[in-house]
Structure formats: C-alpha cells, structure tokens
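Contents: one structure, followed by commentary.
Just so you know, ligand 1 is whichever comes first in the structure, and atom 1 is the first atom listed for that ligand.
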Amino acid sequence: MSAHSARVAVVTGANKGIGREIVRQLAERGHTVYLGARDEQRGRAAAADLSADDLDVRFLHLDVTDETSAKTAAERLAQEAGTVHVLVNNAGVGGPMQPPSQTPADQVRSVYETNVFGVITVTNALLPLLRKASGARIVNVSSAIGSLKSAAENLDQTGEHPPGEFPSTLLSYASSKTALNAVTLAYANELRGTGILVNAASPGFVATDINGHHGRLTTEEGARIPVLLATLPDDGPTAVFLGENGTAEGQVLDW
Ligand SMILES: NC(=O)c1ccc[n+]([C@@H]2O[C@H](COP(=O)([O-])OP(=O)(O)OC[C@H]3O[C@@H](n4cnc5c(N)ncnc54)[C@H](OP(=O)(O)O)[C@@H]3O)[C@@H](O)[C@H]2O)c1
C-alpha cells in the first residue's frame, strides 16, 4: 500500500453528465479523483480530457451492477491509494415514462439494479477503504422525485414541476430514488460515530442525456450540491437530503 497525501475521491458513472462535472469540481479542490465508468473507452477519454486541464483524474473501470467489477476496483484503490475519503454514488439510469399500471416489474427491477443495488454493491466494496480515511463522506445522487412526502402530497417541494403535477409516470425511476433514500439513511445510521457522513443529493433538473437535455440547469450547477456534501466539514450533517435551490447552503428536502 502506498501513502497518498491528497484526499482521494471516487465518482461512479462519471464519463459524462453530472458525474463528470463532479469529478472536475472535486479535482479542482485538490482531490485525486478516480473517474468511474463502465465503458473503458468512454471513461479513459473523459479522464484524459480532464487531466489535460492539469487535474489529477484517473480512469477507474467500474460497472456498478457487477460485484466483480466493484471488487477489482476496490483492490486497485487499496493498492494505489490505500484509503478513500469520498465516494459519490452518481451512476444512474432513467426509466420509461408510463403509468405504474402499465409498467412491467422487470423494467422496475432493471432500473433498481443500477440505482439501488449498484449503490449497495459499490458502497460495501469501498467501505473498508472509507473506514481507513479520516472524515470520509458518502454522497448518493438521488432526486427530489424520490421524496415520499412529495409523492404523498402530489406536490414537488422544489418547485421544479407545477403544483399538482408531481410526475406519476416514472414508477421505476422515482421509486428507485425513494429506495436509494432509504439506503442512504440505513448507511448513515450504521456509520454514525465513525466520522463518515452519509447524505443524499438532489442535483436539480439538469440538462443531460438522462432527460434528453430538457433540464434547466447546467452540469456545473448540478454538480454543486453533490460536491458540497462531498466536502462537508467534520461537524457537518449526516442523514440529510439536500437539494439545489440557488442558495449557498442548498435546500434541505423532506425524505
Ligand atoms: N439530470 C437530472 O436532471 C437529474 C436529476 C436528479 C437526479 N439525477 C441523477 O444524477 C445522476 C447522474 O445523471 P445524469 O443526469 O448525469 O445522467 P447521464 O448523463 O445519463 O449520466 C449517467 C451516468 O451513469 C452511468 N451509468 C449508468 N449505468 C451504469 C453502470 N451500471 N455502471 C457505471 N456507470 C453507469 C452512465 O454511463 P454510460 O455512459 O456508460 O451509460 C453515465 O456516465 C443519476 O443518478 C441521476 O439519476 C439527474
């Protein structure tokens, strides 16, 4: 194991979109960042591109749905870095827009593989390295659409959708983020007292491939809340769901 002086961060699903920008912003703050991607070519290209700006960004092959891939990535990190200070579980997939009554369970299961089970797989693989770091942070990139309170009230607390129009046609995606929120709280509670802070971020409605670039925010704006949670001070919160609302501190969302 080699000693590493900079804080080490791992971002999953980071070859494009919000994840790639989280990598840039963490590297600009002095982190050594492992850019996780399931596709080697896309991942290497993104890492090379960011490294060209004099940032310490390294490609990490990581398919979050594959236990072996997560284990291999953890072994490499253990050898190269020894510890991991920041894990941003960003990789995510969307689901078809259709009423729940017309959504086959297999479609839901497939979205959960990445958005929920993938987060558990990667977190468990990297936890031994996160426990070795001083003041580690885990950030799960969720969505305001995953809020149970908003769903129950049929009201979007972020104001991104007009009142009464909380999306009801996203069963697989929305419920996967609800499950991810529950997963976030479970880890936060297990890790209370260890110095590892575990929180969920809602990046806002960001123009990326996942929504056909219909989002209103840029990826720079969308990366802000995940980066804020990834760089919390030691007395920062755990078990918080924080969303983008344009203010410096963000908006604490109801779970
Ligand atoms: N955009 C928004 O408005 C918005 C709002 C709320 C939450 N989010 C969340 O933000 C996160 C990033 O989304 P985005 O908007 O940046 O979308 P995106 O541009 O489509 O990026 C998604 C990333 O996840 C990767 N990915 C998918 N499955 C993977 C797997 N099995 N293993 C590793 N990587 C995988 C993709 O890799 P490939 O290129 O190989 O497919 C891609 O790099 C997601 O969790 C999303 O749910 C986005």
Please work out, at 4.0 Å between heavy atoms, whether the side chain, the backbone, both, or neither of [X] comes within that distance of ligand 1.
| X | result |
| --- | --- |
| I145 | neither |
| E113 | neither |
| N90 | both |

Closest to [atom] among [options] (heavy-atom distance):
| atom | options | value |
| --- | --- | --- |
| atom 7 (C) of ligand 1 | A201, S142, G92 | S142 |
| atom 37 (O) of ligand 1 | I22, I18, N15 | N15 |
| atom 4 (C) of ligand 1 | G204, G222, A144 | G204 |

If you measure from each heavy atom of R20 to ligand 1, is any distance below 4.0 Å?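 R20: no contact with ligand 1 (<4.0 Å).
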
Determine whether any heavy atom of G118 lies closer than 4.0 Å to an atom of ligand 1.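 It does not; every heavy atom stays at 4.0 Å or beyond.
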
Tell me, do Y187 and L127 make a side-chain contact under 4.5 Å, heavy atoms counted?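 They are in contact (side-chain heavy atoms under 4.5 Å apart), so the answer is yes.
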
What I want to know is whether G13 and ligand 1 share at least one N or O pair that is separated by under 3.5 angstrom.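 Yes; at least one N/O pair falls below 3.5 Å.
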
Out of curiosity, does I120 fall in the hydrophobic cluster containing V86 (side-chain heavy atoms, cut-off under 4.5 Å, transitive links)?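 V86 and I120: separate clusters.
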
Looking at D234 and R137, is there a salt bridge between them, counting it only when a charged N and a carboxylate O are closer than 4.0 Å?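 D234 and R137: salt-bridged.
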
